[in-house]
Amino acid sequence: MSSTMKQSGPKTFARGLRIMDALHSAGDTGLKITDIAIQTGIERTTVYRFLDILIREGYAHASPDKRVFVFNEMRFTRGTSLAYTTERLKPVLQRISAQTGDSSFLVRREDGDSLCVHRELGTYPLQVLSVTIGHRQPLGVGAAGLALLANLPQNDIDDILDINKEKLANYGGMTSKQLRKLIASTLERGWSAVGNAAVPGVLGVGVPILRNPDNPLFAISVSSVVDRMPLKRQHFIINVIKKELAAAHFQSTSNES
């Protein structure tokens, strides 16, 4: 092997470390390509190539508009990453409920179930109080759980529906066939909507949080009484959720109908 080839490996590695160090120092605010290039002395085209690899390997993530890049702290805090993410998302839910006036929920996947790990109440007189922190139910019967389920690999979806098929009837008479239709609708529109299932008389909308698109673990939903949730207001709420997730450098689904 030539001396040039021997040197190129360490040099490449060093440049990657400089980019990671710049992102880490920037914290949650992240950096734009030009900022990274200036701070590291690396050409922008090279920065792009390194970022592609860092994002693919889970060391960094991009904002939804691909303009800002953020160091992924969770890559190095696996043991506490779930609690870390929950804490970071609590103020996001606070802002969502403040703007919508309705209850918002942070849900995490637990095998074939959804687990509510945080809830915020809004100012509207009628709030959804039956779903509290620690509440578990089959993945898919609530809006956040449906957003999670729809974005899992097909094999996982099939396994979860098979595991939960006997439980679904307890949630508004839900069936596996109906849930598959809801999954298809969720993927088509880019967000979930489900009513009269987890809680009678209540309709919720939700989106998954796609920091790991192949296996999302978290989702956010907003729920209220059915009469308060016409389609126009559902769109408004989804836009609020996506705006607040983007501001906190979390990625949700990209399409909106």
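For clarity, every value in this text was computed on a predicted model and none was experimentally measured.
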Got a list of side-chain donor-acceptor pairs under 3.5 Å for residues 44-52, not counting sequence neighbours?
unit_1, atom_1, unit_2, atom_2, d
Thr46, OG1, Arg49, NH2, 3.3

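- Residue Gly206 comes nearest to Ala143 through the heavy atom pair N-CB, 3.9 Å, listed as atom of the first residue, atom of the second, then distance.
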Original post:
Can you check side chain to side chain contact (heavy atoms under 4.5 Å, CB included) on Tyr59 and His24, steps first, answer last?
Top reply: CA-CA 10 Å; Tyr59 290 95; His24 184 264; over 6 Å; no
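- Atoms CG and CG, from Leu168 and Leu139 in turn, are 10.5 Å apart once rounded to the nearest 0.5 Å.
- In this structure a side-chain-to-backbone donor-acceptor pair under 3.5 Å is present from Gln127 to Gly101.
- Leu149 has its side chain within reach of Leu161: a pair of non-hydrogen atoms, C-beta onward, lies under 4.5 Å apart.
- Residues Ile183 and Ile163 do not share a hydrophobic cluster, clusters being chains of Ile/Leu/Val/Met/Phe/Trp/Tyr side chains in contact below 4.5 Å.
- Counting only residues at least two apart or in different chains, salt bridge (charged side-chain N to carboxylate O under 4.0 Å, His left out) contacts with residues 119-132 are absent.
- Looking only at side-chain heavy atoms (C-beta outward), Val202 and Val131 stay at 4.5 Å or farther from each other.
- Under a hydrophobic clustering in which Ile, Leu, Val, Met, Phe, Trp and Tyr are joined whenever their side-chain heavy atoms come within less than 4.5 Å, directly or via other members, Tyr124 and Ile238 fall into different clusters.
- Using a 4.5 Å cut-off on side-chain heavy atoms (C-beta onward), Val240 and Val222 make no contact.
- Atom SG of Cys116 is separated from atom CD of Gln137 by 9.0 Å, given to the nearest 0.5 angstrom.
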Original post:
When you look at Leu23 and Ile36, which way does the side chain to side chain contact (heavy atoms under 4.5 Å, CB included) test go after all the steps?
Top reply: CA-CA 8 Å; Leu23 291 174; Ile36 298 172; 3.8 Å; yes
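- When the side chain to side chain contact (heavy atoms under 4.5 Å, CB included) test is applied to Asp35, the partners found at least two apart in sequence or on another chain are Leu31, Lys32.
- With hydrogens and angles ignored, the 3.5 Å screen pairs no side-chain donor or acceptor of Glu188 with any backbone N or O of Ala184.
- The two residues Met174 and Gln178 have their closest heavy-atom pair at CA-OE1, 3.3 Å.
- Atoms CG and OG1, from Asn151 and Thr186 in turn, are 8.0 Å apart once rounded to the nearest 0.5 Å.
- The salt bridge (charged side-chain N to carboxylate O under 4.0 Å, His left out) analysis of residues 228-239, with sequence neighbours excluded, yields the pairs Asp102-Arg228, Asp102-Arg233.
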**OP:** Take His135 and Phe105, measure what side chain to side chain contact (heavy atoms under 4.5 Å, CB included) needs, and give me the verdict at the end.
**Re:** CA-CA 11 Å; His135 178 85; Phe105 304 88; over 6 Å; no
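- Cluster annotation: Val225 and Val205 are assigned to distinct hydrophobic clusters (Ile/Leu/Val/Met/Phe/Trp/Tyr, side-chain heavy-atom contacts under 4.5 Å, transitive).
- Taking every heavy atom of both residues into account, Leu182 and Ala193 meet most closely at CD2-O, 4.1 Å.
- The side-chain heavy atoms of Gln154 and Asp158, taken from C-beta on, include a pair separated by under 4.5 Å.
- Side-chain contact between Asp113 and Asn164 is present, with heavy atoms from C-beta onward closer than 4.5 Å.
- Here Arg108 pairs with Glu110 under the salt bridge (Lys or Arg N to Asp or Glu O under 4.0 Å) rule; sequence neighbours left out.
- Under the 3.5 Å distance criterion, the side-chain polar atoms of Thr100 are left unmatched by any main-chain donor or acceptor of Ile237.
- Closest of all the heavy-atom pairs between Gly27 and Val70 is O-CG1, 3.7 Å.
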Original post:
After noting the C-alpha distance and the side-chain angles of Glu87 and Lys90, does the key distance pass the side chain to side chain contact (heavy atoms under 4.5 Å, CB included) rule?
Top reply: CA-CA 5 Å; Glu87 288 303 311; Lys90 285 181 180 180; 2.8 Å; yes
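- Leu152 approaches Asp156 most closely through the heavy-atom pair CB-CB, 4.2 Å.
- At least one side-chain heavy atom of Leu129 sits less than 4.5 Å from a side-chain heavy atom of Leu121.
- Applying the salt bridge (charged side-chain N to carboxylate O under 4.0 Å, His left out) test to every pair with at least one member in residues 164-174, sequence neighbours left out, gives these pairs: Asp162-Lys165.
- Contact record, Ser103 with Ser97: C-OG, 3.9 Å, taken as the closest heavy-atom pair.
- Following chains of ILVMFWY side-chain contacts shorter than 4.5 Å, one can reach Leu187 starting from Leu148, so the two form part of one hydrophobic cluster.
- We find the CG-CZ distance between Leu115 and Phe218 to be 9.5 Å, quoted to the nearest 0.5 Å.
- By the 4.5 Å heavy-atom criterion applied to side chains, Ile220 and Glu244 are not counted as neighbours.
- Annotation: side chain of Asp21 is not in contact with side chain of Gln39 (no heavy-atom distance under 4.5 Å).
- Cluster annotation: Ile53 is not connected to Phe13 through the hydrophobic network of ILVMFWY side chains, with a link wherever side-chain heavy atoms come within less than 4.5 Å.
- A distance of 8.0 Å separates OG in Ser221 from CG in Leu93, rounded to the nearest 0.5 Å.
- Taken to the nearest 0.5 Å, the CG atom of Asp159 stands 11.5 Å off from the CG atom of Asp111.
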